[in-house]
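Working notes for the structure below.
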Amino acid sequence: AWGGTENMAEPQRESTSSLQRKKPPWLRLDIPTTQMSLDEPPTFVQVKVGEFNISAGNEAEKLVFVVLRGTADWFGVSKDGDATQRWQRKSLRHCSLRYGKLKPQVIREMDLPSQDNISLTSTETPPPLYIVDPLARGRAFRMVEEVDGYSVPQTPITPGAASLCSFTSSRSGLNRLPRRRKRESVAKMSFRAAAALVKGRSLRESTLRRAQRRSFTPASFMEEDVVDFPDELDTSFFARRGWRKAKEGTGPPKVPLRQEVVSVHGQRRGQRIVIPVKKLFAREKRPYGLGMVGKLTNRTYRKRIDSYVKRQIEDMDDHRPFFTYWITFVHLLITILAVSIYGFAPPGFSQHETVDSVLRNKGVYENVKFVQQENFWIGPSSVTLIHLGAKYSPCMRQDQQVHDLIREKRDIERNSACCVRNDRSGCVQTSEEECSSTLAVWVKWPGHPSTPKLNGKDRQYGSVCHQDPRICLEPASVSPHEWPDDITKWPVCTRYNTGNHTNLPHIDCTITGRPCCIGTKGRCEITSREYCDFMKGYFHEEATLCSQVHCMDDVCGLLPFLNPEVPDQFYRLWLSLFLHAGILHCLVSVAFQMTILRDLEKLAGWLRISIIYILSGITGNLASAIFLPYRAEVGPAGSQFGILACLFVELFQSWQILAQPWRAFTKLLCVVLFLFAFGLLPWIDNFAHICGFISGFFLSFAFLPYISFGRMDLYRKRCQIIIFLLVFVGLFSGLVVLFYVYPIKCEWCELLTCIPFTDKFCEKYDLNAHLH
């Protein structure tokens, strides 16, 4: 405050001797030494500035005096002992906050009284100590009623007693005017009422709790050891229960008043209450059994807890949520890169159809319809997600259905031949039914004169457009490496004979169709590049037959298969945990991780929580790959439900110390059931939710920290760790066997993850082309 405005109300308290000692040639201050009564009007102060004598009764003259006095006190050049001490305390407090604690000898060199040593955190001179006498009634006590818009309380005071206020409070004393309390807005009161209803408390109780809250004391550069100050005072008038008992006539016993300062793991005293955004990164200890979810479900400890249990709770480590921050950063980064590079699929819940006139392999334009699944998460298409590493069974094992489709396609291709048009407009590899006998010639071996020999006999399969063992230089068809009679086993020819005319119709023509891999099941067609691009397929310019390409390698992407015929990308089980189906999906994961996951990691640490998170996600993806093999699923859904299972386990482990555990269990169960019901929408995998929750439940018993309630309970929980670890290993091993050794097919299982409200609401994530 400028210039000691708090001392203007009681000018008789100024130290006359200290003011008279500072007499610069331009400033002289004369204050009467007579004592002033509270009933008498204030005595005017005369100030001599230069050659002018001014009266403090004048407002302008008073302003000049306040500015001069305040400026000297502000810069610490005043000879007043109190002002100099205040300035020194401000400087030391600033140094302690910025550079750490001061040396003990610095505090001793200040040579302050014991009371000042107690209030070193205060920036003002400690006033005389007063307490309010609650029994005083009707005593005449007159003070200035209104000073600058603030009303001074008229409560009688009793000097000479110990103050009930905190010794470290910088606002204690009646010589400082109270702040005017700002009235709450309607929106704030409405929000507080809604929060009270959610927490299960009445509005009146919430208001009383809010009124009892206090901020922490200002930061101090004193030592962390705080001395308790006993005072035999009757505190019944300052407790809510005391007032009730006082009305009944049975006052509570006198208890010693003690001042306690709680410091949690080196946290600085004096840290103010921060805004909710900063609370996300605050370093505050997570109470066992409570936490953020405990606050939402209104969990509380019982009034009586054994000291042995209390000691275990207090001795639990406090961790920083490094894993939560890391996994959240990775999720955001990958989602931003995915949508920036691959774009967005059509948003919605059904299938999106695109119709256009496209040039196909017959040399004419045809109306073609392209169908793809819409993505309501606002993100890439399913084909793109598979290419990025989504959970997809045909890329992780040799799927029988996909294998049968490829084998049928090869059987048809083995009996195909090159269809050469009569007008020399081109040729394409096709079957006899698709080649017009009037407009083209179907060059089929061995019935055509161009049939080559193999071991002295005519070849039975062929021909192939733009590929013949007689003109290919690399790899050359020479003994003992002659190309087999089966054209589906022919290699891709990389170098041809440079001759322009070979007198072979299937070689001299212009080829109009090459292999194109379309869809998510590796469907291959001999077609034009224009049609392949319209269908978002993979066009192979170097090959001539579908048997020469591996479409599942193109669909899956990532690392190529060790054996092109056998998919082996098992790492998709954990790689998909870092992907998301869209922006909304990523935001949901970030919100979950920065609240629930972060809260639990502060209790368990990054190593324990990362094991539960990753293993639960892998188990959930493995179950989803068994029951929903042809759906491309991404996201840490199984991991998140495994973390939700941790909340149940923590509740069970702390059941004996909670006041209302059944109430907390009911609320938590309702939330989880709602999330399982939400999993009935498409693009949300309930199998990953269920198995992730079960595996997280078992892992939580093994990895989450716990408290014991005795020696037998300690032995029981140690055995519990071994048992649940074995149960989880058995569950995971069984799922691996069902996925790789004995794959199952369950048609009705899809009802657990998607209910068909409409005909196309739960369509497969397969892409097909339809001709109009």
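Looking at residues two or more places apart in sequence or on another chain, you find a side-chain contact (heavy atoms from CB on, under 4.5 Å) between Leu337 and Leu333. In terms of the disulfide (SG to SG under 2.5 Å) criterion, residue partners of Cys746 (sequence neighbours excluded) are, by chain and number, Cys749. Scored by the side-chain contact (heavy atoms from CB on, under 4.5 Å) test, Pro567 finds Gln398, Phe561 as partners (sequence neighbours excluded). Annotation: side-chain contact (heavy atoms from CB on, under 4.5 Å) contacts of Ser700 (sequence neighbours excluded): Ile612, Cys646, Val649, Leu704. In this view, Gln548 and Gln467, Thr544 satisfy the side-chain hydrogen bond (donor to acceptor under 3.5 Å, both in side chains) rule, not counting sequence neighbours. Applying the side-chain contact (heavy atoms from CB on, under 4.5 Å) rule to Leu290 yields the partners Pro287, Arg299, Tyr301, Leu658; only residues at least two apart in sequence or on another chain are considered.
Aromatic ring centroids of Tyr392 and Tyr630 lie 6.0 Å or more apart. Separation of the Phe697 and Phe701 ring centroids falls under the 6.0 Å cut-off.
Listed for the Asn621 side chain is a donor-acceptor partner under 3.5 Å among the backbone atoms of Leu573. A donor-acceptor pair under 3.5 Å links the side-chain atoms of His331 to the main chain of Leu577, judged by distance alone. The main-chain N or O of Ile707 is found under 3.5 Å from a side-chain atom of Lys717 such that the two form a donor-acceptor pair. Of the possible polar contacts, one joining the Ser654 side chain to the Glu650 backbone as a donor-acceptor pair under 3.5 Å is found.
Ring geometry, Phe665 versus Trp662: the interplanar angle exceeds 60°, so the pair is classed perpendicular (tilted spans 30 to 60°). Aromatic ring orientation, Phe693 versus Phe648: perpendicular (interplanar angle above 60°, classes split at 30° and 60°). The aromatic rings of Tyr538 and His387 sit parallel to each other, their planes meeting at less than 30°, with 60° as the upper class boundary.
Heavy atoms only, all atoms of each residue included: Phe676 and Asn686 are closest at O-ND2, 3.1 Å.
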If you apply the rule side-chain contact (heavy atoms from CB on, under 4.5 Å), what do you find for Cys419 with Gln429, and how did you get there? CA-CA 6 Å; Cys419 182; Gln429 191 79 13; over 6 Å; no
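Of the charged side-chain nitrogens involved, none lies within less than 4.0 Å of a carboxylate oxygen, so that Glu633 and Lys391 do not count as a salt-bridged pair.
When each of Cys546, Cys551, Cys516, Cys517 is paired with Cys524, the disulfide (SG to SG under 2.5 Å) condition holds for Cys546 and for no other.
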